[in-house]
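Okay, so here's the structure we're looking at.
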Amino acid sequence: DAGITQSPRHKVTETGTPVTLRCHQTENHRYMYWYRQDPGHGLRLIHYSYGVKDTDKGEVSDGYSVSRSKTEDFLLTLESATSSQTSVYFCAISEGGEGMNTEAFFGQGTRLTVV
Amino acid sequence: ILNVEQSPQSLHVQEGDSTNFTCSFPSSNFYALHWYRWETAKSPEALFVMTLNGDEKKKGRISATLNTKEGYSYLYIKGSQPEDSATYLCALDNAGNMLTFGGGTRLMVKP
């Protein structure tokens, strides 16, 4: 199994509070991604990173920010959590490049509930 | 936003049946098409990454084909088993290393 650890695995938070989710990898892969999974929507990309301090927005980036200060860590922050951000969040990594190198490996997911 | 569509959304088959699902995607700026298998309470795991028009890949009883000119890929499962029950996701890489996922096909195989 690819070395990807998400923390926390479960969190309940109140509306309006900041929340940070952490993704840690031991594979030294260049690319890291945050997705959210909601019924009827599959996996939707929030933000991704293509290197230390290099990040870009995905399909559903509003209300989220990210940071990558080290190759192994990619943080997702909800500045002020809303109920619409209740979801399961998946981190993924890939080597990058072309072809098979773009295969993504996923973490175990973080279930976030905003009440 | 790319439109990656999968059909059907869900499928119930009997053990031993063969089945197939479809992934449709825009054919412009194609880099790669991925298939993932996602079991309940687990993480998605890659089945295939296909890059060339006409590609065919096989892993055990599961195989996939790719048509980049018309923008579709088929996933086939021969002789379905209960352990094949999962959601099957396809994902398009059309910008180099950024995947757009379809909504998935949920397969349930009855013993």
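Numbers restart at 1 for each chain; the letters A, B, ... are given by sequence-line order, proteins then strands. Computed from heavy atoms alone, side chains included, the values below leave out hydrogens, waters and symmetry copies.
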Proximal component of A:L43, with respect to chain B [non-hydrogen, under 4.5 Å]: both
query: What option among A:G58, A:A92, A:G107 has the most heavy-atom pairs under 4.5 Å with chain B?
result: A:G107
query: Any chance CZ of A:R111 has more than 12 other-residue heavy atoms, nucleotides or ligands included, within less than 6.0 Å?
result: no
query: Is it true that a side-chain atom of A:Y33 and a backbone atom of B:L99 form a donor plus acceptor pair closer than 3.5 Å?
result: no
query: Do B:I62 and B:L107 share a hydrophobic cluster, counting only Ile, Leu, Val, Met, Phe, Trp and Tyr and linking them when any side-chain heavy atoms are less than 4.5 Å apart?
result: yes
message: To the nearest 0.5 Å, what is the distance between OG on B:S43 and CD on A:Q37?
response: 10.5 Å
query: So which of A:D56, A:T102, A:L45 actually passes side chain to side chain contact (heavy atoms under 4.5 Å, CB included) with B:M98?
result: A:L45
query: Under 4.5 Å between side-chain heavy atoms, hopping through other hydrophobics if needed: is there a path connecting B:L11 to B:W35?
result: yes
- prompt: Got a sec: does the CZ of B:R106 have more than 12 other heavy atoms crowding it under 6.0 Å?
  reply: no
- request: Hey, could you give me the CZ/CH2 distance between A:F90 and B:W38, rounded to the nearest 0.5 Å?
  value: 4.5 Å
- prompt: Side-chain heavy atoms under 4.5 angstrom apart, residues restricted to Ile, Leu, Val, Met, Phe, Trp, Tyr: same cluster for B:Y72 and B:Y88?
  reply: no
message: Heavy-atom cut-off 4.5 Å, strictly under: side chain, backbone, both or neither for A:A104 against chain B?
response: both
query: Looking at A:Y35, A:Y50, A:Y48, which one has more heavy-atom pairs under 4.5 Å with chain B than the rest?
result: A:Y35
message: With a sphere of 6.0 Å drawn around CD of B:E39, does it hold more than 12 non-hydrogen atoms of other residues, nucleotides or ligands?
response: yes
